[in-house]
Amino acid sequence: MCGRFVLVADPNQMVLEFGLSGVPVVPANYNVAPTQVLPVILNEAPDTVSQARWGLMPSWAKDLSMSAKMINARSETVDEKPAFRAAFKRRRCVIPASGFYEWQTRDDGKKYPMYIHLTDREVFGFAGLWEVWHSPERDDLRTCTILTTAANAFMKPIHERMPVILSRENYGDWLAAEDVPAPVLKPLLRGYDPDKMTAHEVSRNVNRAGFSSPDMIAPLPSLPRLL
DNA sequence: CCAGACGTTGTT
DNA sequence: GTCTGG
DNA sequence: CCAGACGTTGTT
DNA sequence: GTCTGG
């Protein structure tokens, strides 16, 4: 799963990684949490950075409470589920990230946050879906979700699921404007190359949504300091 | 026919 | 335990 | 994902 | 909106 991530990227690197036409303004966020509005690249406008709230609202949803449940979509079933299949056909997006958190459950039954990122580059893209929700009161709201897949060999010891990290050469296919058959899209939704990933334990202050600090991705000292 | 769900993860 | 909010 | 609430009545 | 369950 992926319920928390980090986006701290040099805007010029964003331009290069995603082929943007202008330099985006992307505030550093060391603790992106569900329900927050975040920078996304929609297939509707693939050379610019747009904004969307994390938690996909299907078009028929009555109120925002639905949104918090829809932060992830299983790539194995995303073309079938009523909540996601329409977006899978026509509203795909790439969600820029520089790393993500997973909580590892250890033998003591407690959960320890780990920070996972790529060793060879600063920023990458999650595979995502988006929708427009026509709110009764406010303006139309764009919402999004992150696809997940089975853990690759690197992630297995940490967690059984992981977010779909797109390879750079697949951004174009994923962001095609038209309908693309599911058999063409689904092979893009696989685990990333395990040899290109790295991870370390981080402080539990990441647990608290709404706080963001560079400390959050700092490696935790391996032993508690006694004296 | 109408009513109610529509999701994922993890744990059992 | 389960739901809501961030 | 985690944290925090989870309720009503009456009074300020 | 569309599917499932009663």
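Protein chains get the first letters and strands the later ones, always in sequence-line order, with residue 1 at the start of each.
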Between atom CH2 in A:W54 and atom C1' in B:dG7, what is the gap in whole Å? 14 Å
Pick the P atom in C:dG6 and in B:dA5, then give their distance to the nearest Å. 24 Å
Classify A:T77 by what it touches in the nucleic acid, base, sugar-phosphate, or nothing, heavy-atom distance under 4.0 Å. sugar-phosphate
Rounded distance in Å between the C1' positions of D:dC2 and B:dT9: 13 Å
For A:D140, all residues meeting side chain to side chain contact (heavy atoms under 4.5 Å, CB included), sequence neighbours excluded: A:V132, A:H134
Can A:S50 and A:R142 be counted as having a side-chain donor-acceptor contact under 3.5 angstrom? no
Side chain to side chain contact (heavy atoms under 4.5 Å, CB included) involving A:A97 - partner list, sequence neighbours excluded: A:F5, A:F124, A:F126
In whole Å, measure the gap between the C1' atoms of D:dG4 and B:dG4 for me. 28 Å
Distance, rounded to the nearest Å, where A:E80 contributes CD and B:dT8 contributes C1': 15 Å
With rounding to the closest Å, how many angstrom separate the P atoms on C:dT2 and D:dG10? 33 Å
In whole Å, I'd like the distance from the CD atom of A:Q104 to the P atom of B:dT9. 18 Å
For DNA chain C, what is the dot-bracket line, given that a base pair needs Watson-Crick (N1 to N3, plus N6-O4 or O6-N4) or G-U wobble (N1-O2 and O6-N3) geometry with both distances under 3.5 Å, and | means paired with another strand? ||||||
With ring-ring contact (aromatic ring centres under 6.0 Å, His included) as the rule and sequence neighbours excluded, what pairs involving residues 182-205 of chain A come up? A:Y115-A:H200
I'd like to check the side-chain hydrogen bond (donor to acceptor under 3.5 Å, both in side chains) partners of A:T148; sequence neighbours left out, ordered by chain and number. A:R161
Identify each atom pair where a protein N or O and an N or O of nucleotides 3-6 of chain C are less than 3.5 Å apart, giving names and distance.
unit_1	atom_1	unit_2	atom_2	d
C:dG6	N9	A:T35	OG1	3.4
C:dG6	N7	A:P34	O	3.4
C:dG6	N7	A:T35	OG1	3.1
C:dG6	N2	A:R4	NH2	3.2

Taking CD from A:E131 and P from B:dG7, how many angstroms apart are they, rounded to a whole number? 13 Å
P gap between C:dG5 and B:dA3, integer Å: 27 Å
How many whole angstroms separate atom CG of A:L56 from atom P of B:dT8? 11 Å
Does A:K62 offer a backbone N or O that forms a donor-acceptor pair with the side chain of A:W133 under 3.5 Å? no
Suppose we screen for side-chain hydrogen bond (donor to acceptor under 3.5 Å, both in side chains). Which residues come up paired with A:N207, at least two apart in sequence or across chains? A:W103
With sugar-phosphate meaning primed atoms plus P, OP1 and OP2, does A:T148 contact a base, only sugar-phosphate, or nothing at under 4.0 Å between heavy atoms? sugar-phosphate
For nucleotides 1-6 of chain B, which of its nitrogen or oxygen atoms have a protein nitrogen or oxygen under 3.5 Å away, and what is each distance?
none

Determine the Euclidean distance between corresponding P atoms of E:dG1 and B:dT11; express it in Å to zero decimal places. 39 Å
In whole Å, what separates the C1' atom of B:dC1 from that of D:dG7? 38 Å
Going by side-chain hydrogen bond (donor to acceptor under 3.5 Å, both in side chains), name the residues that satisfy it together with A:R4, two or more places apart in sequence or in a different chain. A:N31
Could I get the full list of side chain to side chain contact (heavy atoms under 4.5 Å, CB included) partners for A:D139, not counting sequence neighbours? none
Answer yes when A:R91 and A:E44 have at least one side-chain N-carboxylate O distance shorter than 4.0 Å, and no when they do not. no
Determine the contact category for A:F84: base if any of its heavy atoms lies under 4.0 Å from a base atom, sugar-phosphate if only primed atoms, P, OP1 or OP2 are that close, otherwise nothing. sugar-phosphate
Residues passing the side chain to side chain contact (heavy atoms under 4.5 Å, CB included) test with A:K89, sequence neighbours excluded, are A:D179
Any residue meeting side-chain hydrogen bond (donor to acceptor under 3.5 Å, both in side chains) with A:D193, in chain and number order, not counting sequence neighbours: none
